[in-house]
Amino acid sequence: MMSSDETRDGVSLTNLDQPLFEEADATKRDLVDYLDAVRDRILPQLRGRPLSVVRTVRGQAPFMQKNLPKYAPSWIESVSMWAEASRREVAYAICNDRRTLLWFANQRAIEYHVTLVTAEHPDQQTHMVLDIDPPEGDRFDTVVGAARLIRQALADSGLSGAVKTSGAKGMHIFVPVQGPVPIEDVAAATRAVAARAERLDPALATTAYIREDRNGKVFLDSTRAGGATVVAAYSPRVRPGAPVSWPVDWEHLDDVHPRDFTVRTVAGLIRDGDPWAEQMPHAQRLPVDLIEEGHTIPVARVQAMHEGKRRARAARAAADEPS
DNA sequence: GGTTGAT
DNA sequence: ATCAACCAACGCGTG
DNA sequence: CACGCG
Ligand SMILES: [Mn+2]
Ligand SMILES: [Mn+2]
């Protein structure tokens with residue numbers, strides 16, 4: 001039987017009838033067909049941006065891949081960037097066309113994460129992103145409530161954004177930024193928006209980076225900034241049912257759940273439209289007062305990392321001097 | 001998924 | 001030739 | 001280099 005293999009746009013596609021991953025309730029063919037069906041919508045989200053993917057192979061645990069493998073065809077675009085963490089050059093793929101998208105699909109790349117800067121202008125963040133993460137055992141309606149807090153905080157600063165499910169458990173709000181603005185100013189403005197939203201309903205939402213300090217509240221995550229990556233709109237996720245990150249109309253927030261949108265179910269919702277592009281407002285200038293307030297807010301991560309060091313030190317001391 | 005090293 | 005083992009990540013701030 | 005978190 002050759003029916004499990006085919007060639008599309010010159011790209012070999014293999015094992016199409018295999019399950020995509022455990023609990024995907026979808027085949028590799030479903031992934032390929034989905035990505036090909038939304039290519040005109042997802043490619044603009046990936047275009048020109050260093051790409052990271054999450055792959056699932058042969059039942060192994062999913063892994064993130066940043067460096068483009070040596071065996072990748074030479075026609076795949078890439079940009080090399082110095083990685084401070086590993087002190088080496090990492091060749092990030094740039095996915096600008098259907099062939100590259102199909103090649104990654106055949107690699108079982110499920111998730112497509114991109115940087116908030118382009119390869120061409122690595123010092124200019126194109127969007128401010130508010131990431132909303134529910135607590136364990138969440139109800140999605142708390143995420144919806146938090147999204148409304150962010151929307152209000154933005155509106156209070158004369159800003160507006162577009163909202164999508166992350167495909168996992170939370171939501172993402174994107175505000176296109178009129179530049180050029182230093183990355184650290186966008187990061188500061190992000191912190192300020194999160195802090196203002198938290199103030200609107202401190203019983204519902206928190207900006208505490210340390211999980212233990214969140215007390216069951218929704219996390220308004222302001223760390224999707226600078227060199228961070230965010231899963232692209234329309235990207236599938238390695239989650240039960242193979243859901244996809246999907247745009248939501250602000251007026252329909254109460255009517256949706258992340259699992260409504262999967263690689264197998266959204267075909268009918270697409271038609272020929274591009275809801276993410278259609279709902280994205282024009283680029284906006286970030287108000288100075290927002291940026292200034294943000295610079296007065298300590299970066300949440302720092303406290304968390306100090307706490308981590310403290311615990312590690314304590315653990316080493318306990319190992320050195322057993323009671 | 002692809003490559004490498006041992007049978 | 002077959003096959004099991006192995007690989008596939010970063011940023012952020014600080015000390 | 002590792003820490004917490006995504
Ligand atoms: Mn999130
Ligand atoms: Mn997050």
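Residue numbers start from 1 in every chain, and the chains themselves are labelled A, B, ... in the order their sequence lines are given, proteins ahead of strands. What you see is a predicted model, and the numbers here were worked out from it, not measured in a lab.
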Whole Å only: how far is the [atom1] atom of [X] from the [atom2] atom of [N]?
X        : N      : atom1 : atom2 : result
A:Gln107 : C:dC7  : CD    : C1'   : 13 Å
A:Leu220 : D:dG6  : CG    : P     : 13 Å
A:Arg55  : B:dG2  : CZ    : C1'   : 8 Å
A:Met64  : B:dG1  : CE    : C1'   : 18 Å
A:Leu31  : B:dG1  : CG    : C1'   : 14 Å
A:Ile210 : C:dC12 : CD1   : P     : 20 Å
A:Ile76  : C:dA8  : CD1   : P     : 18 Å
A:Tyr71  : C:dC7  : OH    : P     : 14 Å

Checking contacts here: which listed nucleotide ([options]) is nearest the side-chain heavy atoms of [X]?
X        : options               : answer
A:Thr14  : C:dC10, D:dC5, B:dG1  : B:dG1
A:Phe219 : D:dG6, B:dG1, C:dA9   : D:dG6
A:Arg224 : C:dC10, C:dA8, C:dG11 : C:dG11
A:Val90  : B:dG1, D:dC5, C:dC10  : C:dC10

Sidechain N-carboxylate O distance under 4.0 Å for [X], [Y]:
X        : Y        : answer
A:Arg55  : A:Glu111 : no
A:Arg148 : A:Asp254 : yes
A:Asp33  : A:Arg8   : yes

Using only modelled atom types and a 3.5 angstrom limit, is any donor from either the side chain of A:Arg58 or the base of B:dG1 paired with an acceptor on the other?
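Result: at least one qualifying N/O pair found.
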Can you say whether a donor on the side chain of A:Gln65 sits under 3.5 Å from an acceptor on the base of C:dC7, or the other way round?
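Under the 3.5 Å cut-off, the side chain and the base do not form any donor-acceptor pair.
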Counting only Watson-Crick or G-U wobble pairs whose two distances fall under 3.5 Å, which nucleotide matches C:dA8?
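None - no nucleotide pairs with C:dA8, as no candidate has both distances under 3.5 Å.
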Nearest-Å distance once atom [atom1] is located in both [N] and [M]:
N     : M     : atom1 : value
C:dA9 : D:dC5 : P     : 24 Å
C:dC6 : D:dG4 : C1'   : 28 Å
C:dA8 : B:dT4 : P     : 13 Å

Looking just at side-chain N and O atoms, do A:Trp82 and A:Glu84 make a donor-acceptor pair shorter than 3.5 Å?
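Looking only at side-chain atoms, A:Glu84 and A:Trp82 do form a donor-acceptor pair, the distance falling under 3.5 Å.
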What I want to check is whether the side chains of A:Thr229 and A:Arg49 have a donor and an acceptor closer together than 3.5 Å.
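Side-chain D/A pair, A:Thr229 to A:Arg49: absent.
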What is the nucleic acid contact for [X], judged by heavy atoms within less than 4.0 Å: base, sugar-phosphate only, or nothing?
X        : answer
A:Ala228 : nothing
A:Ser86  : sugar-phosphate
A:Glu184 : nothing
A:Arg87  : nothing

Spacing of A:Asn67 atom CG and A:Ser80 atom OG [to the nearest 0.5 Å]:
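These two atoms lie 7.5 Å from each other.
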Phosphate-side-chain proximity, A:Asn15 and B:dG1, N/O vs OP1/OP2 below 4.0 Å
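So the side-chain polar atoms of A:Asn15 do come within 4.0 Å of the phosphate oxygens OP1 or OP2 of B:dG1, strictly under.
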